[in-house]
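All chains are named by letter (A, B, ...) in the order of the sequence lines, taking the proteins before the strands, and each is independently numbered beginning at 1. Remember, predicted model here, so these are calculated numbers, not experimental data.
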Number of protein chains: 4
Amino acid sequence: MTPSVAVFGASGFAGALTARLLYRHPTFMLTAVTARSDVGRRLDEVYPHHRVPMVLEELDLDRHANVDAAVVAYPHGAAAELVVALHRAGVKVIDLSADFRLRDAAVYEEWYRPHPEPELIAQAVYGLPEQYRDEIADAMIVANPGCFPTAAILGLAPLARAGLIGDVVIDAKTGVSGAGRGATDQTHFVTVDENMNAYSVPRHRHTPEIEQELAVLGTDRPITFTAHLVPLDQGELLSCYVTPAGGRSDDVRALYLEAYADEPFVEVVTAPPGVRDVRETNICRISVHRDERTGRIVVFAAIDNLWKGTASQAVQNLNLMFGRPEGEGIS
Amino acid sequence: MTPSVAVFGASGFAGALTARLLYRHPTFMLTAVTARSDVGRRLDEVYPHHRVPMVLEELDLDRHANVDAAVVAYPHGAAAELVVALHRAGVKVIDLSADFRLRDAAVYEEWYRPHPEPELIAQAVYGLPEQYRDEIADAMIVANPGCFPTAAILGLAPLARAGLIGDVVIDAKTGVSGAGRGATDQTHFVTVDENMNAYSVPRHRHTPEIEQELAVLGTDRPITFTAHLVPLDQGELLSCYVTPAGGRSDDVRALYLEAYADEPFVEVVTAPPGVRDVRETNICRISVHRDERTGRIVVFAAIDNLWKGTASQAVQNLNLMFGRPEGEGIS
Amino acid sequence: MTPSVAVFGASGFAGALTARLLYRHPTFMLTAVTARSDVGRRLDEVYPHHRVPMVLEELDLDRHANVDAAVVAYPHGAAAELVVALHRAGVKVIDLSADFRLRDAAVYEEWYRPHPEPELIAQAVYGLPEQYRDEIADAMIVANPGCFPTAAILGLAPLARAGLIGDVVIDAKTGVSGAGRGATDQTHFVTVDENMNAYSVPRHRHTPEIEQELAVLGTDRPITFTAHLVPLDQGELLSCYVTPAGGRSDDVRALYLEAYADEPFVEVVTAPPGVRDVRETNICRISVHRDERTGRIVVFAAIDNLWKGTASQAVQNLNLMFGRPEGEGIS
Amino acid sequence: MTPSVAVFGASGFAGALTARLLYRHPTFMLTAVTARSDVGRRLDEVYPHHRVPMVLEELDLDRHANVDAAVVAYPHGAAAELVVALHRAGVKVIDLSADFRLRDAAVYEEWYRPHPEPELIAQAVYGLPEQYRDEIADAMIVANPGCFPTAAILGLAPLARAGLIGDVVIDAKTGVSGAGRGATDQTHFVTVDENMNAYSVPRHRHTPEIEQELAVLGTDRPITFTAHLVPLDQGELLSCYVTPAGGRSDDVRALYLEAYADEPFVEVVTAPPGVRDVRETNICRISVHRDERTGRIVVFAAIDNLWKGTASQAVQNLNLMFGRPEGEGIS
């Protein structure tokens, strides 16, 4: 079996990397890459280092919906319509946008806009394999997590499950690729270089997604989440400051080692991880520390925002949906 | 009057920049620069961009203590002895190390080592002009604050004074010059570039200094402080997450505007500041935000770690000690 | 006397820096900053680090031509018309564009487009003080040199005057601010970071400007000039490979030391200069080397492209035009 | 057959990357990694991103010479002795140092030091597969080329073979990993960041290696070669300025397309290549341009200095020596 896959929106950073991973994947056959800009250009002209010698096509559902699976790399709000169309055509869909991540359409509306396809939300599975492995395997629509929520949930899940999270502050730092390919004052080299600053304060849209998943794990309270832009291209580091709730928190490191003992893509380490340690990998690298003076637990979680934070996690999900080894094509 | 000044330890980043600022200062006369490495080299050979055409000399107290003022840029522990010698020779001293910052020798010993000159601690003034302007003017020994404490205290003082700090987490990010001139695996370009990570977790030595000064302002409880290294050369950004205590916190921005209305080197702004905004200045740039969902107050404070964080603040202090306009030579 | 100056096109990198330098200049009074984008915003909002608290205005010649001097920071082609209008109003003008740099309108047309105001070319003086100090002092229109030509001519003039240039290859490397403020794929952080490449090959528009000035100095032959983009914000390094013509080339270093002995803004050094050595200065730093094996002379010249390459050189020219000390406001 | 391989000197950048590639190679079995520093540490502790869970051992030839092949990643001068010992033990050796690259011991002595093992030079093959594929397959000692020579020879070979090189200037720009892992003032982040400069002027040691190989191809004259350090970690760009000799140079691009039509790791492209295009690949990407005004031919060649410039090229050579597909483990 060689399932055919198309990537829609392959001219952006996330879509292009997904195309690269699928183009070289031993099982899947990448049959089309579409885009809304750069139509007619070859992907290896736009992104030479990905070396995908395919031409970016204009979307034509008559032709392009004729695949086994699709990855939709459209902006929030624009993705839902295409996801619905593909779903109705029987295509298994991975949506990289936020459109199907929030289970409550009212919450989506509060943070984004009125949801364009609320009736389909219930059918989507949140695509974090470490939490929803079985559900993903059976899903027709997978809502690929945001990059910050991926690191946040992996970084906090063992504490949340143990009921140890009283309160949490997440200070996130991301490289510039997280801001997307759009050329703006904010992504201009001269703006970013030798600079760093917080943005989207105090209401970053990844906040409700993190809260939703922590609630599933038993920690049902608002969190403080702040994102910062730092001068590097790929990589994301989350520093999570947890005020412990009741529970026993004596040996938090053991909690993590046990929780992730069998996870191929989560590394629990002793020293605070650097983003370079996980660059161009599907790995989330975590360290956990107790500050005896304050009683606080500090967790660091590092990922590559374009890989585990987006594209390679999408492939990990595709592998699950088609019964392939979870790490195929991304190890 | 042209007070003479010497910089001891001028081959490091902080000492060299102090020498540059004093070499061009309209009032002071820089008469000597000493070093423990690079003796005999000209400072403008070691640091061409500072353009200080003076030769680095070996310390010779017989000659070098014959000045009106001295800046000591020695490592923690090594500074105290020289500070004492200069003090006994009647020289006004600014110490860039931590040796006289902590008022309690026991706290110093807990975080550093046994204090070499505990009897002199009481005579040192903590050199943050915005808090101790009058005391600095009369001081014979000024303990120049650490770079992180400078930004932390300026960023939190209005809240502390208003009794609004219930609990605080400080997430600090610094450029590499903060790690000093020493060439190590940690300061190698290839280690730092495209990387970021926390360090000195969970006991960074600037913690007690911040706690001491917050206590003076009325907030007497342990804080969580974590430092991160990011790939840029100069600049420091602190993100402070405050859980409010009682008090009224309705209009925190007004608190800041009022507190810093007359401060020439503190800017209260609306959007989160970037370190590029304050590069090569003596300015601390602050924004304060309330997260209505969590009730938390978030404060961002940006400085140049080598300028307001060290060298230009030392000159600001020298100006105060000699009755000069506070911003002379550093505006 | 306090001459009034306006900066037209102050929302770009070069215009904004010129405004900063003039705003703090002890002699000139900056009376207006205009822009074609960002009208109505304060300049210190667009560029906080320049700290110029003036509002960007829309151009209104009725008001804005009422100044003693003007700096025009418009794109090539768009500048000429404004320069003419200001000139007719009796304003001394410094044009940062290429529009009046080339003395031959046919050459301009070959490399740019038909010249919009050819009759005015003859009245413009090429604004490289080290070559045209006296002419600049008397000029009504000064064509501020391109950044690459500034470094190239300063780097090669001593050899050119000595008749030593048989053939020359110039390999230029520039930081991204040289590409301007426009947000494009080419200036996106993710494109530039960890990258470098040549551009405008083989016909970079600064080529004829360099050839023109070398011809004035006696070296009348085509040169090879190639520019490269490197991942830094400000700074420009030219590596010039000269095959000597007849002449004596035994002691080329002495030639340079003699040529620049009295120049306040040219440093002749022994080791190859780095751009960090001249960052945020009006200085060109040069080293010259003879490769005994090949007989070739290699010259390195480093400048800050926004300072000596543009804005501070404009102020240097203004100083000359108004009889002020050449380094006033830029040292 | 699973040939066993050891990497000697695996704590440096080149050795560690070679170990990573071999650890995951489908044919070879990496049996030992040795080092002179960091003995006893795991390689994935020193270089987490390489993920090689092997302990760095002290060299013990009794044990370590018992392999089918070895990669020696020692400094110049120190490598020869170990290469000889391994060779005598019957091990196929790839030497990453310069010790066996120059065929003439007198030239080696002129640029390095007296050669420690001159009698073995004749048995070494220069390890550039695109030039010596057959000889490498039969070699017992392969002298892996320097990073600059790799790009220079691939960039100039088609012109050299066609007799078109009259004179050549090579301006090389390299990322900091090319300077090695040693922590020095020169590799300190603060020295390199926002900086660039030429080094080893005018006698860079890669010069004779380039001249030797160009002579083999028919171009027997001294070249001008200059290296520059730029602020990025991996990547090397060579700009080659060729004054054509007699020959026909009308369609130089066709020369290149023909020369490299069958080379899997050389890409001939139209626009000047960027180093990002080849990052973490074994590919050399080349563009060639004619400047009609000067008649000069300009060639740009980009490689990853640690991959095609060192480690992946070593694996490419190992593949050839053991009859494996040339791109196995490095594509």
Report task. Kindly write out the residues that satisfy ring-ring contact (aromatic ring centres under 6.0 Å, His included) with A/Phe148, not counting sequence neighbours, or none if the list is empty. Result ->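 Here the qualifying residues are A/His204, A/His206, A/Phe225.
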Record all donor-acceptor atom pairs with a distance under 3.5 Å between chain D and chain A; write none if the list is empty.
{"residue": "D/Arg51", "atom": "NE", "partner": "A/Glu267", "partner atom": "OE2", "Å": "2.7"}
{"residue": "D/Arg51", "atom": "NH1", "partner": "A/Asp277", "partner atom": "O", "Å": "2.7"}
{"residue": "D/Arg51", "atom": "NH2", "partner": "A/Glu267", "partner atom": "OE1", "Å": "2.9"}
{"residue": "D/Arg51", "atom": "NH2", "partner": "A/Glu267", "partner atom": "OE2", "Å": "3.3"}
{"residue": "D/Arg51", "atom": "NH2", "partner": "A/Asp277", "partner atom": "O", "Å": "2.9"}
{"residue": "D/Asp233", "atom": "OD2", "partner": "A/Arg276", "partner atom": "NH1", "Å": "3.4"}
{"residue": "D/Asp233", "atom": "OD2", "partner": "A/Arg276", "partner atom": "NH2", "Å": "2.7"}
{"residue": "D/Glu267", "atom": "OE1", "partner": "A/Arg51", "partner atom": "NH2", "Å": "3.0"}
{"residue": "D/Glu267", "atom": "OE2", "partner": "A/Arg51", "partner atom": "NE", "Å": "2.7"}
{"residue": "D/Glu267", "atom": "OE2", "partner": "A/Arg51", "partner atom": "NH2", "Å": "3.3"}
{"residue": "D/Arg276", "atom": "NH1", "partner": "A/Asp233", "partner atom": "OD2", "Å": "3.4"}
{"residue": "D/Arg276", "atom": "NH2", "partner": "A/Asp233", "partner atom": "OD2", "Å": "2.8"}
{"residue": "D/Asp277", "atom": "O", "partner": "A/Arg51", "partner atom": "NH1", "Å": "2.7"}
{"residue": "D/Asp277", "atom": "O", "partner": "A/Arg51", "partner atom": "NH2", "Å": "2.9"}

Looking only at heavy atoms, which two atoms of [X] and [Y] are closest? And how far apart?
{"X": "D/Gly155", "Y": "D/Val299", "result": "O-CG1, 3.3 Å"}
{"X": "A/Ala10", "Y": "A/Leu43", "result": "O-CD1, 3.4 Å"}
{"X": "A/Ala259", "Y": "A/Pro158", "result": "CB-CG, 3.8 Å"}
{"X": "D/Ala152", "Y": "D/Ile170", "result": "CB-CD1, 4.0 Å"}
{"X": "A/Gly175", "Y": "A/Leu229", "result": "O-CD1, 4.0 Å"}

